[in-house]
**Q** 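Sending over a structure as structure tokens; questions will come in a sec.
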Protein chains: 2
Amino acid sequence: MLLQPSSKRTTCGTADEVSGLRMTRQRQEVYRVLLAQRDHPTANDVFMRVKDGLPNISLATVYNCLEALVAHNLVRQVNFEREPSRYCPNLEEHGHFHDQGTGVIHDVKFKPGITLADVLELPRGAVIQDVEINLRGQLRLA
Amino acid sequence: MLLQPSSKRTTCGTADEVSGLRMTRQRQEVYRVLLAQRDHPTANDVFMRVKDGLPNISLATVYNCLEALVAHNLVRQVNFEREPSRYCPNLEEHGHFHDQGTGVIHDVKFKPGITLADVLELPRGAVIQDVEINLRGQLRLA
DNA sequence: CCCGATAGCAAGAATTATTCTAAATTCATG
DNA sequence: CATGAATTTAGAATAATTCTTGCTATCGGG
Ligand SMILES: [Mn+2]
Ligand SMILES: [Mn+2]
Ligand SMILES: [Zn+2]
Ligand SMILES: [Zn+2]
């Protein structure tokens, strides 16, 4: 899962053929930044962080990289209401809890052994490709 | 719950004080259109439908009316990814299933007796104010 | 009924996250 | 090294939504 710059390998046929994604310096740095601080940053947040290592990167490239990482399932895009999209490198199935008090978005695990069909009356024959569970609330310490 | 034009009543102290929303012709028509065809229309869809009855209504007013109805919990706003918001007059707690084949968005009921805490490992002390469950997939007939 | 105050509406401009365009650069491959 | 494909960049364009402003409707008290 640790991806290397593609310059070191052939495009098709080695480790990252799994994802089929060419790992450029920009994509690598965007991905590294997402792993380093898992606070669900926006594209602009990522842009600012990535500029430390790649001062010439453009915002359009950050969007391109994020889109590529999402398309190849290395990163998930998280949308709350109509706010700017956020990005999450946690690949386990999980939901998100937005704490209105602090603004922090927490990952929320599913309880083990629970499946969607246990909880929802899905339409007959529905094949689910994507699940999005977003919660808003407050963290009230007892 | 059936709201009347406010001209027939005082602003504070009668039936729609429950919601505190003054029912203008525009809000009434927007709400009526949502109840009449429960296909989760966008603001622009609502605009086009409402123009039959109110040819001079503006899109900004449709947005204002939808915002007012949502703020007073008569209508829910439904967001899939970054697509235009859709609007749903079903006030029961429910999720949404977007059928990629037809583009139709279906309401999805929760199974009776299930609560979020049964399914998710919520952060300690989390008080949930809003739940959003959005599914994407295909309706494959067996 | 009349009046001043408040709320809502309409038209168009502004906002802003995101996407697109086009030219330059980088890269894989032979 | 040459070639073509993929990627990056800067800036323009897009589009859903929000904002501004002037007007209209409605409210509630006298
Ligand atoms: Mn941010
Ligand atoms: Mn539509
Ligand atoms: Zn996450
Ligand atoms: Zn619905």
Side-chain angles (χ1 to χ4, degrees), chain A residues 3-17 19-31 40-48 50-51 53-72 77-87, chain B residues 3-14 16-17 19-31 40-48 50-51 53-72 75 77-87:
Chain A
L3 303 176
Q4 307 296 331
S6 62
S7 53
K8 297 191 183 169
R9 286 160 298 90
T10 131
T11 309
C12 302
T14 40
D16 69 357
E17 186 192 0
S19 70
L21 181 63
R22 184 147 89 189
M23 259 300 157
T24 63
R25 245 187 346 281
Q26 288 86 348
R27 287 174 183 164
Q28 204 164 34
E29 193 66 3
V30 165
Y31 187 48
H40 303 91
T42 63
N44 199 64
D45 294 334
V46 172
F47 179 47
M48 292 186 301
V50 146
K51 275 200 281 197
L54 292 175
N56 295 323
I57 197 172
S58 75
L59 179 56
T61 296
V62 171
Y63 273 104
N64 288 340
C65 292
L66 290 169
E67 180 183 43
L69 291 167
V70 168
H72 290 263
Q77 188 172 5
V78 178
N79 297 300
F80 270 88
E81 314 281 320
R82 305 209 49 73
E83 291 171 19
S85 290
R86 296 168 177 277
Y87 297 87
Chain B
L3 303 177
Q4 307 295 330
S6 61
S7 54
K8 296 191 183 167
R9 286 159 297 91
T10 131
T11 310
C12 301
T14 42
D16 70 356
E17 188 193 358
S19 70
L21 182 64
R22 195 198 285 184
M23 258 302 159
T24 63
R25 250 190 337 285
Q26 289 85 351
R27 286 173 184 165
Q28 204 165 34
E29 192 66 4
V30 165
Y31 188 47
H40 303 90
T42 64
N44 199 64
D45 294 334
V46 172
F47 179 48
M48 293 187 300
V50 148
K51 275 200 281 197
L54 292 175
N56 296 322
I57 198 171
S58 75
L59 179 56
T61 296
V62 171
Y63 273 104
N64 288 340
C65 292
L66 290 169
E67 181 183 43
L69 292 168
V70 168
H72 289 80
V75 168
Q77 188 172 7
V78 178
N79 297 299
F80 270 88
E81 314 279 321
R82 303 210 52 80
E83 292 172 18
S85 290
R86 296 167 177 278
Y87 297 88

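Protein chains get the first letters and strands the later ones, always in sequence-line order, with residue 1 at the start of each.
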**Q** Between atom CE in A/Met23 and atom P in C/dC27, what is the gap in whole Å?
**A**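 Between P of C/dC27 and CE of A/Met23: 14 Å.
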**Q** Could you give the angle between the helix axes at the two ends of the helix from C/dC1-D/dG30 to C/dG30-D/dC1, with five pairs per end, rounded to 10 degrees?
**A**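 Here the local axes at opposite ends form an angle of 40°.
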**Q** Should A/Ile57 and A/Glu29 count as side-chain neighbours, where that means a heavy-atom distance under 4.5 Å?
**A**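 No, every pair of side-chain atoms sits at 4.5 Å or beyond.
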**Q** Would you kindly give the CG-to-P distance between A/Asp45 and C/dT16, to the nearest whole Å?
**A**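 Rounding to the nearest Å, CG of A/Asp45 and P of C/dT16 are 16 Å apart.
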**Q** When you compare the side chains of B/Asp45 and B/Thr42, does any donor N or O come within less than 3.5 Å of an acceptor on the partner?
**A**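 Note: B/Asp45 and B/Thr42 side chains meet the donor-acceptor criterion.
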**Q** In whole Å, I'd like the distance from the CG atom of A/Leu66 to the P atom of C/dA17.
**A**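 Atom CG in A/Leu66 sits about 15 Å away from atom P in C/dA17.
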**Q** Can you see which heavy atom on A/Ser85 is nearest to which on A/Asn79, and at what distance?
**A**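 So the two residues come closest at OG-OD1, 2.5 Å.
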**Q** Measuring from B/Leu54:CG to B/Gln28:CD, what's the distance to the nearest 0.5 Å?
**A**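 The CG atom of B/Leu54 sits 9.5 Å away from the CD atom of B/Gln28.
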**Q** When you measure from the side chain of B/Arg82 to the backbone N and O of A/Glu83, does any donor-acceptor pair fall under 3.5 Å?
**A**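 Answer holds: yes.
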**Q** Can you measure A/Glu67 atom CD to C/dT18 atom P for me and round it to whole angstrom units?
**A**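 Spelled out: CD on A/Glu67 to P on C/dT18 is 12 Å.
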**Q** Output the distance between atom OH (A/Tyr87) and atom NE2 (A/His40), rounded to the nearest 0.5 Å.
**A**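 Those atoms lie 13.0 Å apart.
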**Q** Specify the separation, in whole Å, of atom CD of B/Glu81 and atom P of C/dT19.
**A**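 It is 11 Å, rounded to the nearest whole Å.
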**Q** Which is it for A/Val30 and A/Leu69 under the side-chain contact (heavy atoms from CB on, under 4.5 Å) test, yes or no, and what are the steps along the way?
**A** CA-CA 9 Å; A/Val30 165; A/Leu69 291 167; 3.8 Å; yes
**Q** For every nucleotide of nucleotides 7-17 of chain D, 5' to 3': is a protein heavy atom under 4.0 Å from its base (B), only from its sugar-phosphate (S), or from neither (-)?
**A** SSBBB----SS
**Q** Can you confirm whether A/Arg22 sits close enough to A/Arg27 that some side-chain heavy atom of one is under 4.5 Å from a side-chain heavy atom of the other?
**A**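 In short, these two side chains touch, coming nearer than 4.5 Å.
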**Q** I need the CD-C1' distance between B/Glu29 and C/dC9, as an integer number of Å.
**A**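 In whole Å, C/dC9 C1' and B/Glu29 CD are 15 Å from each other.
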